[in-house]
Amino acid sequence: MRDIEYVPNDPFHRVENPTTQTKTIALMQQLSHEILGRPARGSGQPSVKAYPGKLTRDRGVEFTTDIEPMPGSAPNEARWYWEWSPGVEIRHKDGEDYACIAVTSFSNMQP
Amino acid sequence: MTVNVLKYDPDIEVVPQAIIWRPLRYCTLVVRNGQDDLDRYQGASFTIGNDITFDLRVYEGHIHADVTVTLYLPEDVGDEEHVSEILALVIEEMAIPVSAVAWRRGQKFTFGKLERSRQDRLSEREARLIVLKIAASQPGHSATIEKLREEVPRYFDLSEADKKRSPSRPRELGWQIVVRNAMSSHMKGGQTIFAKGWAEKIPGGLRVTRQGIDYLNSIGFSD
């Protein structure tokens, strides 16, 4: 049974932070049309995490994607895990594995 | 069983499994600030027995962040039935009413939408625990009735039903009567916080006893 009533055109957002959602990373996301996420501490599974809905704070990025988030998501946060979520790809960068989702629209609000 | 508050971050990936319509301060006083790939958060880590570890967190961008807390379990706990058993144990051991669970794993949801149960309103039983928690968080573990009434809305998101004026006591709102009854020492016999030895009356209010603090420690509210 599917838990999520997912609408592909609904937006998600990530808020600016000093390590994994910097101004430089936002620009890379904008140019590549991809969002990358590394494994959380203590996990070997890379994932992309985002809040559902439009950006609610001053700085961050807003996007839509055709890739359905994982059942490991909740009403208040979305997750896309590599291997566990169909459509999520793997990227290798600087010796690290990243989960990667392609976006269908992207707004950079942390210029 | 006892809910133990961990003094350190267990450093494992956790997955959201339930959302409880209660603010973090209702669940615990032992709160730390953290940050991960999603955002900044406030939260605490707990254990029950040797096998169960869980986190309660509120991320800054969560919907209804002021009045809800999200329960996270380690990522290796994936089986829905097991998640359900743990959730049942957590809410029982933390003395959280079942009606407070706004979403749990396995329940259908739409991103960005969360509905509170219509049955979730302030009961006298829960109000007894809330006044105990409020007094325990005050200097000297004591609080006046005025202070308790002032603080209750910070610990419990009062529903429209709670805010209705009482037909029998039109000068008071429904929740205020519930709180007053919860502080009564001569009602409901052995169920009061005084009969259980958790609190004692002082002029104009109440003080939490050592026994009361021990009880609050056992449900993870304090350490």
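Residue numbers start from 1 in every chain, and the chains themselves are labelled A, B, ... in the order their sequence lines are given, proteins ahead of strands.
- B:Arg165 CZ: more than 12 foreign heavy atoms inside a 6.0 Å radius.
- Around CG of A:Asp58, the count of heavy atoms belonging to other residues, nucleotides or ligands within 6.0 Å does not exceed 12.
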* Stepwise, does the side-chain contact (heavy atoms from CB on, under 4.5 Å) test hold for B:Leu114 with A:Asn76? -> CA-CA 8 Å; B:Leu114 189 66; A:Asn76 53 10; 5.9 Å; no

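- Contacts between A:Gln21 and chain B at a heavy-atom distance below 4.5 Å are absent for every atom of the residue.
- Of all heavy-atom pairs between B:Gly112 and A:Pro52, the closest is N-CG, 3.7 Å.
- At a 4.5 Å heavy-atom cutoff, the contact between A:Ala78 and chain B is made by backbone and side-chain atoms alike.
- Annotation: side chain of A:Pro75 is not in contact with side chain of B:Thr110 (no heavy-atom distance under 4.5 Å).
- Ionic pairing of B:Asp37 and A:Arg79 is not present here: no N-O contact between side-chain nitrogen and carboxylate oxygen is shorter than 4.0 angstrom.
- Between A:Arg38 and B:Glu13, no side-chain nitrogen of the basic residue sits less than 4.0 Å from a carboxylate oxygen of the acidic one, so the salt-bridge criterion is not met.
- Residue contact with chain A, scored on non-hydrogen atoms closer than 4.5 Å, involves the backbone and the side chain of B:Leu38 alike.
- Checked against the 6.0 Å centroid threshold, B:Phe111 and A:Phe12 count as a close aromatic pair.
- No side-chain heavy atom of A:Asn17 sits less than 4.5 Å from a side-chain heavy atom of B:Asp39.
- B:Glu115 CD: 12 or fewer foreign heavy atoms inside a 6.0 Å radius.
- Using a 4.5 Å heavy-atom threshold, the side chains of A:Tyr81 and B:Val15 count as touching.
- With a 6.0 Å radius and a threshold of 12 heavy atoms from other residues, nucleotides or ligands, A:Lys23 has its NZ atom at or below the threshold.
- Other residues, nucleotides and ligands place more than 12 heavy atoms under 6.0 Å from the CZ atom of A:Arg57.
- Of residues 58-78 of chain B, those residues lying under 4.5 Å from chain A by any heavy-atom pair are B:Tyr59, B:Glu60, B:Gly61, B:His62, B:Ile63, B:Thr70, B:Tyr72, B:Glu75.
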